[in-house]
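Everything below concerns the one structure shown next.
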Amino acid sequence: MRTLRLSKGTGEKMALEIVEGCVNCWACLPLCPNEAIVEAHPHFLIEPSLCSECVEAFATPQCAAICPVEGVIIDELGQALNPPGSLGGIIAGLPAPAANPQVGA
Amino acid sequence: MTIPHLGTPVSASGCSAGSCGSKSAQMDALSADTLKKVQDHPCYSEEAHHHFARMHVAVAPACNIQCNYCNRKYDCSNESRPGVVSEVLTPKQAVKKTLAVAAAIPQMSVLGIAGPGDALANPERTFSVFRELQQRAPDIKLCLSTNGLMLPEYVAQIAAANVDHVTITINCIDPDVGAQIYPWIFWNHRRVMGREAAEILIAQQQKGLEMLVARGILVKVNSVMIPGINDAHLQEVSRVVRAKGAFLHNVMPLISEAEHGTHFGLTGQRGPTPEELQTLQDACAGDMNMMRHCRQCRADAVGMLGEDRGADFTMDKVEAMEIDAQFEQAAMQRRLALREAINAELEAKRNARHAAPVLQFHAPKRGRPVHMAVASSGGGLINQHFGHAKEFLIYEASSAGVRFLGPRKAAQYCGGESDCGEAENTLARTIAVLADCEVVLCSRIGFEPWGKLESAGIMPNGEHAMEPIEEAVTAVWSEMLKAGKLDVAAFEDQKRA
């Protein structure tokens with residue numbers, strides 16, 4: 001049984017959201033305990049009515065715990081669960097940092 | 001290696017100068033049981049890879065670890081993964097595609113699941129394909145590749161599915177090295193970072209390796225050589241995995257072009273030069289069998305090693321095919337008949353080595369080693385146009401005989417020509433890749449590349465078209481010796497000039 005959870009602050013439905021930058025890597029899809037993740041284009045989506053943010057099931061939302069891209073899973077306040085820098089900056093869309101002058105020369 | 005003399009009976013390895021290099025000698029030394037297991041595996045047996053075909057189906061998209069040489073999105077990475085922008089198949093589509101390919105290419109003998117993510121991060125998808133194929137094409141061997149994180153949990157299922165070849169990518173056994181390669185893993189429902197992540201991954205890989213060996217399942221270990229990070233460490237890895245019973249250790253070069261958008265690509269971590277790779281492979285070869293002919297084929301590769309006929313079997317083409325039980329049965333009979341013929345031919349070659357241990361050519365004691373590049377589309381023959389070659393097989397001829405050093409890509413595959421530079425640069429890059437070679441053997445070659453190769457000190461040679469590679473390499477080396485080209489390091493002088 002799923003219960004709809006509302007945010008204390010806004011009264012909005014609490015659900016995570018996948019935003020632009022997702023590389024459709026599939027990692028999250030089989031992990032979601034509520035089967036809320038949908039294969040879609042241009043990127044995967046979370047069905048808000050199904051998402052429970054994993055609160056009763058796991059210590060951390062499972063999609064965010066395996067997502068390899070920073071900043072693409074956000075909560076209802078727009079906060080990234082994996083903020084920039086938290087995963088070591090491995091993200092498809094990042095601009096290249098300055099090349100290490102010692103290598104590749 | 002001792003230098004054999006003319007007329008001296010050669011020892012049981014049988015395979016000295018002029019035949020097939022050290023690898024076949026190693027194969028002869030394997031137990032009969034192991035030999036049988038690998039003899040028609042196009043990835044494991046150097047003899048078989050000329051004759052048999054394999055395919056991978058991209059049915060396992062999810063991954064549970066992050067490697068610094070992988071970006072989840074694009075093609076072109078190190079662990080045989082095509083990237084999720086390629087066609088990800090459902091298990092049902094994967095089964096149909098396999099049956100269609102196995103009907104069209106009777107050499108098909110191995111079906112692998114390697115990605116695009118990790119086979120065991122998608123256990124339901126992976127094992128449902130295996131179960132279905134075991135029913136409908138029981139002659140096809142099944143294999144899978146994994147990063148090893150979930151391996152101990154699935155060893156029993158792997159054995160139950162009759163999978164007899166497993167590849168584990170093991171880049172380190174030291175967590176301090178691992179922390180530089182793996183930023184995080186997904187473990188017990190949470191993300192684990194840094195050294196702790198590497199510790200868990202390494203422990204799982206080693207445990208999985210031991211469990212597979214205990215069940216008699218062949219295990220190959222892949223390692224990605226990352227200069228400055230694990231290059232010095234991989235000899236120890238090689239020693240340990242062999243001691244635990246891994247059958248092959250395959251050292252692959254890091255691929256880290258900046259445009260692939262990987263952490264290593266973006267931070268300027270370079271891959272090894274062909275010379276550095278070969279030096280490490282040589283150092284590890286004393287420890288265990290090495291797989292020099294590895295092509296780092298993609299997870300959706302179809303065909304003989306080194307070729308990819310994936311474009312002939314896109315899902316829309318496969319879906320349009322009618323495949324029924326009668327069709328499947330007939331296709332299997334064709335495969336079995338062809339396999340029998342090929343194995344008989346290979347058996348005859350093996351027997352000939354033992355029966356006629358007299359050297360096939362005079363093994364002179366002088367003459368320096370020469371590297372030669374060969375354009376071949378398979379069958380162990382020089383049968384490819386220079387301009388069509390996507391890779392070259394590198395051989396070393398010397399007074400000790402001929403040995404296979406490994407394949408080299410003519411041009412690394414990337415996001416497409418537009419990412420990889422202009423077409424005219426392709427020849428220049430190919431010449432750079434072959435810099436240590438003095439001869440390139442091919443079936444034909446155009447006028448323009450001929451001139452450019454020659455001025456780079458690499459002599460094109462089309463005189464041995466359609467001949468067996470090792471005989472031709474031997475003949476060319478002998479001619480060079482006779483012409484007095486091998487007495488001095490003329491090549492070195494020429495390269496320096």
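Computed from a predicted structure; not experimentally measured. Quick note on labels: first sequence line is chain A, next is B, and so on, each numbered from 1. What you see below is based on every heavy atom in this structure, not just the backbone, and it leaves out hydrogens, waters and symmetry mates.
Of the two parts of A:L31, only the side chain, counted from C-beta on, holds a non-hydrogen atom closer than 4.5 Å to a non-hydrogen atom of chain B.
With sequence neighbours left out, the salt bridge (charged side-chain N to carboxylate O under 4.0 Å, His left out) criterion links B:E276 to B:R270.
Counting heavy-atom neighbours within 6.0 Å of B:E275 CD, excluding the residue itself, gives a total above 12.
The CD atom of B:Q66 sits 10.5 Å away from the CD1 atom of A:I66 when rounded to the nearest 0.5 Å. Distance check: A:S86 OG to B:W184 CH2 gives 10.5 Å after rounding to the nearest 0.5 Å.
In terms of heavy-atom pairs under 4.5 Å with chain B, the best-connected choice from A:A57, A:A27, A:C54, A:A65 is A:A65. The residue among B:R190, B:H189, B:M193 with the most heavy atom pairs within less than 4.5 Å of chain A is B:H189.
Each of B:P116, B:P61, B:C63 was evaluated against A:W26; a single residue qualifies, B:P61, per the side chain to side chain contact (heavy atoms under 4.5 Å, CB included) test.
Side-chain contact between A:N82 and B:R191 is present, with heavy atoms from C-beta onward closer than 4.5 Å.
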